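Atoms within each ligand, like the ligands themselves, are counted from 1 in listed order. These numbers come from a predicted model, not from an experiment.
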Amino acid sequence: MSDKIAFQADVSKMLDIVINSLYSEKQIFLRELISNASDACDKLKYWALTNPQVAEYAHDFKIIIKADEKANTLTISDNGIGMNKDDLISHLGTIAKSGTAEFVKNAGDNGSVCELIGQFGVGFYSAFMVADKVELTTRKAGEDTAWHWTSNGIDGFEISEAKKDSCGTDIKLFLKKDAKDYCDTIYLRQIVRTYSDHIAYPIVLDLDKAGEEVVNKGSALWTRQKSEITSDQYKDFYQHISHNFDDPWLTLHFKAEGNIEYTGLLYIPSKAPYDLFQPDKKQSLKLYINKVFISDKIDTLLPNYLRFVKGIIDSADLPLNISREMLQYSPLLEKIKSGTVKRLLKELQKRSKNYDDYITFWRNFGIVLKEGIYEDFNNREDIVAMSYFYSTHDKEKLTTLDEYISRADKEQKTIYYITGDDINVLRNSPQLEAFAQKGIEVLLLNDPIDEFWPQVLPNYKGYSVKHITQADIDMKWERSEQKADEGSLKKLTDFMSDLFKNELGKVITTEKLTTSPVSLTVEDGQMSLHLERLMRNHQQSTAFASTRILELNPYHPLIIKLSDMIMDDKNKSQVEEVARVLLDQAKVAEGEAVSDPSFYAQKVSQYILQSLEKAC
Ligand code: ADP
Ligand code: MG
C-alpha cells in the first residue's frame with residue numbers, strides 16, 4: 001500500500017523553476033546529494049555518541065555512487081542516519097523556511113537559481129534538474145521499517161513500506177535523456193573531485209566488475225597541514241560549506257593553542273548572501289568536536305555582527321557528552337569565541353590597509369561589521385579603525401576615522417558627522433554649508449546602524465565624535481553679504497514660531513547656512529530626524545518625536561525680503577503662504593514628506609510661472 005502525498009505549494013513552485021531553468025552547471029546536483037549523504041553520516045555519528053542502541057550502526061561510513069548505463073540510472077547511497085516516514089514527509093515535501101520559493105523565483109530572474117539552491121536549504125530538489133523520477137529507499141538507524149519514496153518532481157510523491165538490510169539511504173535517479181553523461185564514470189570521478197574532494201567520508205565509485213574506487217581524499221580538510229592544502233582545495237571546501245559559487249574573499253586557517261586548543265577554518269565570501277538582513281539570520285559556523293560534527297546552529301560561536309563568516313571550528317577539548325543546549329553556554333565556547341573574533345579582526349585589520357581590496361569586503365559586509373562598534377565593547381576601537389565612511393572630503397572614495405584625523409586642522413578636536421538615508425541628499429544638506437565654508441570635513445553616514453554606534457563612541461583617539469547639530473564651534477565667519485535687519489528678523493521668527501506652534505518647537509536664525517534660505521534640525525541632544533524616520537519605518541512609537549527647529553538664513557535674499565514684508569501688516573497672508581512653502585522645502589531637503597504635497601506642488605508651480613512671466 002502506498003500513500004500519495006502532494007507537495008507543499010512552495011515546493012511545487014520551486015521545483016517548477018528548478019526543472020525549467022536552463023542553467024548549464026547541472027552537475028551541482030551531485031554535490032548537493034553527496035553533501036546530504038555526508039550530513040546523514042555526521043548525524044548518525046553524533047547520535048551514536050549518546051545512544052548505545054544506534055552505536056552498532058555507526059561505523060565504516062561511506063558514500064557509494066553507482067551508475068547503470070543501460071538503465072540510465074545513477075544511485076547515491078549512504079549508511080548514515082536514514083529517514084522514517086515522518087522524516088520523509090517533513091524533509092522531502094515541504095520547505096522549512098517560509099518565503100524560500102519567493103527567493104528562488106527572484107534569484108531565477110538573474111539566472112542564478114542553481115548557484116543558490118544549496119543556500120536555500122533545498123539542495124535535494126536539484127536532483128530533478130537531471131532526473132525525471134527520483135526513487136529513495138531509506139531506513140532510519142534504530143528502526144526496523146524501511147521506506148520507499150518516489151516522485152516525478154511535479155505534483156507530489158508516494159510513500160510505501162520497503163525492505164532494506166541496513167540503515168541509510170539509497171537515492172536512485174532516473175536520468176533524463178539529455179543527462180546520460182552522468183552515467184559516465186570518468187565524468188563522475190571528475191565532478192566528485194571538483195566539488196566533493198574534501199568530504200570527510202570515502203566517496204566510492206562502484207565500478208561493478210572492476211571493483212570499487214575511492215575518489216576523494218576522505219579526511220577532514222582542516223586537520224591537514226596548511227602546506228599540504230592547495231588554494232583550490234580551500235576553495236572547494238568553502239563552496240561546499242557555504243553552498244556558494246564565488247571565490248572566498250578571505251580564507252583563514254588557524255590552530256589555537258593554550259588553555260584550550262582548537263582549529264578554525266574560516267571564510268568570508270566575496271558576495272553578500274541574499275538573507276544577510278533576514279531578522280532570523282544567525283551566524284552559521286559549523287562546530288566539530290574532535291572531527292565529529294556537532295551542530296551548525298550554535299549561535300554563540302561568533303557574535304552576530306560577524307554572521308557573514310562561514311566555516312568550521314573544531315576542538316577536541318569540548319565535552320562530547322553534554323547536550324547542544326548546554327554546550328551553547330559553555331565557558332570554553334566563550335573562550336573559543338573571543339579568540340576567534342580576535343583572529344578575524346586582526347586579519348581584517350591587515351586587509352583594511354589595502355583600500356581597493358578591502359572595499360569589496362566593506363561594500364558587502366561593512367554595514368554588518370559596524371554593528372560590532374555598537375555591540376562589542378572589547379573590540380570597539382579596532383572595529384572603528386577598520387571602518388570606512390563617506391565624507392565631504394572625497395566624492396567616490398570612502399575614508400577611515402584615522403584618515404579624517406590626519407586631514408583635520410590642529411585646533412579641531414572633534415570628528416563631525418551627519419546622518420541620513422541617502423548619500424546624495426546628505427551631500428547637499430543645507431546643514432553642511434557652514435562646515436564647507438570653514439573647510440571642516442564631515443562624515444556622511446547613511447546606514448541605519450550609523451545612528452547608533454556614535455552614541456557609544458563619544459571619543460576616538462582623543463577626538464570627540466559629534467553630530468553636526470551638536471557642534472559647539474563658532475559658526476560665524478566674515479560675511480560680506482547683506483543681512484536682514486535684526487528687528488524685522490525678530491518679528492519674522494516670532495510670526496513663524498506662532499504660525500507653526502503645533503508643528504515646530506521654534507523658528508530661529510542661524511549663521512550656519514549659505515545657499516539655502518532654511519533648514520530643519522532638532523533640539524540639541526534629541527533623536528535625529530533620520531533616526532526618527534527609522535523608528536517610524538519599524539513601527540516604533542513616535543511618541544517621543546524630537547522637537548523640530550526651523551532655522552532661517554538671515555543672509556538669504558528670500559529671508560531678507562520676507563522680513564521686510566512682515567513689517568507691513570497687509571503682507572501677512574502672503575508671508576504666511578511663503579513661510580509654509582519654506583517649511584516644506586526644508587522638509588524636502590531633509591528627506592521628509594511634506595504635510596500637504598498638493599499645496600506645495602501648486603505653490604511651486606505658481607512661483608515658477610511667475611518668474612517665467614517676469615523673464616519674458
Ligand atoms: P539541507 O541539506 O540544506 O537541509 P536539502 O534539500 O539538501 O536541504 O535536504 C533536506 C533534508 O532532507 C535534509 O535536511 C535531511 O533532513 C533530509 N535528507 C536529505 N538527504 C538525506 C540523506 N541522504 N539521508 C538522510 N536525510 C536526508
Ligand atoms: Mg543539503
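Judged by distance alone, the side chains of Asp170 and Thr137 never bring a donor and an acceptor atom under 3.5 Å apart. Side-chain polar atoms of Tyr262 and Asp317 form no donor-acceptor pair below 3.5 angstrom.
Checked against a 3.5 angstrom limit, the closest N/O atoms of Tyr125 and ligand 1 fall outside it. For the pair Ala40 and ligand 1, the shortest N or O to N or O distance does not fall below 3.5 Å. Among the atoms of Phe124, some N or O lies under 3.5 angstrom from an N or O of ligand 1. Residue-to-ligand polar distances place Asp78 within reach of ligand 1: an N/O pair is separated by less than 3.5 Å.
For atom 18 (N) of ligand 1, the nearest non-hydrogen atom from the set Met83, His91, Lys140, His243 comes from Met83.
Salt bridge status for Glu213 with Arg189: present, with a side-chain N to carboxylate O gap under 4.0 Å. A salt bridge does not link Lys291 to Asp314: none of the charged nitrogens lies less than 4.0 Å from a carboxylate oxygen. Salt-bridge check for Glu371 with Arg307: passed, with a basic side-chain N closer than 4.0 Å to an acidic carboxylate O. The residues Glu228 and Lys217 are annotated as not salt-bridged, no charged nitrogen and carboxylate oxygen being separated by less than 4.0 angstrom.
Every atom of ligand 1 is numbered from 1 in the order shown, and the set under 4.0 Å from a heavy atom of Lys43 is 15 (C), 16 (O).
The distance from the Mg ion (ligand 2) to the nearest N/O/S atom of Asn36 is under 2.8 Å.
Here Leu92 has side-chain heavy atoms under 4.0 Å from ligand 1, and that is the only part of it that gets that close.
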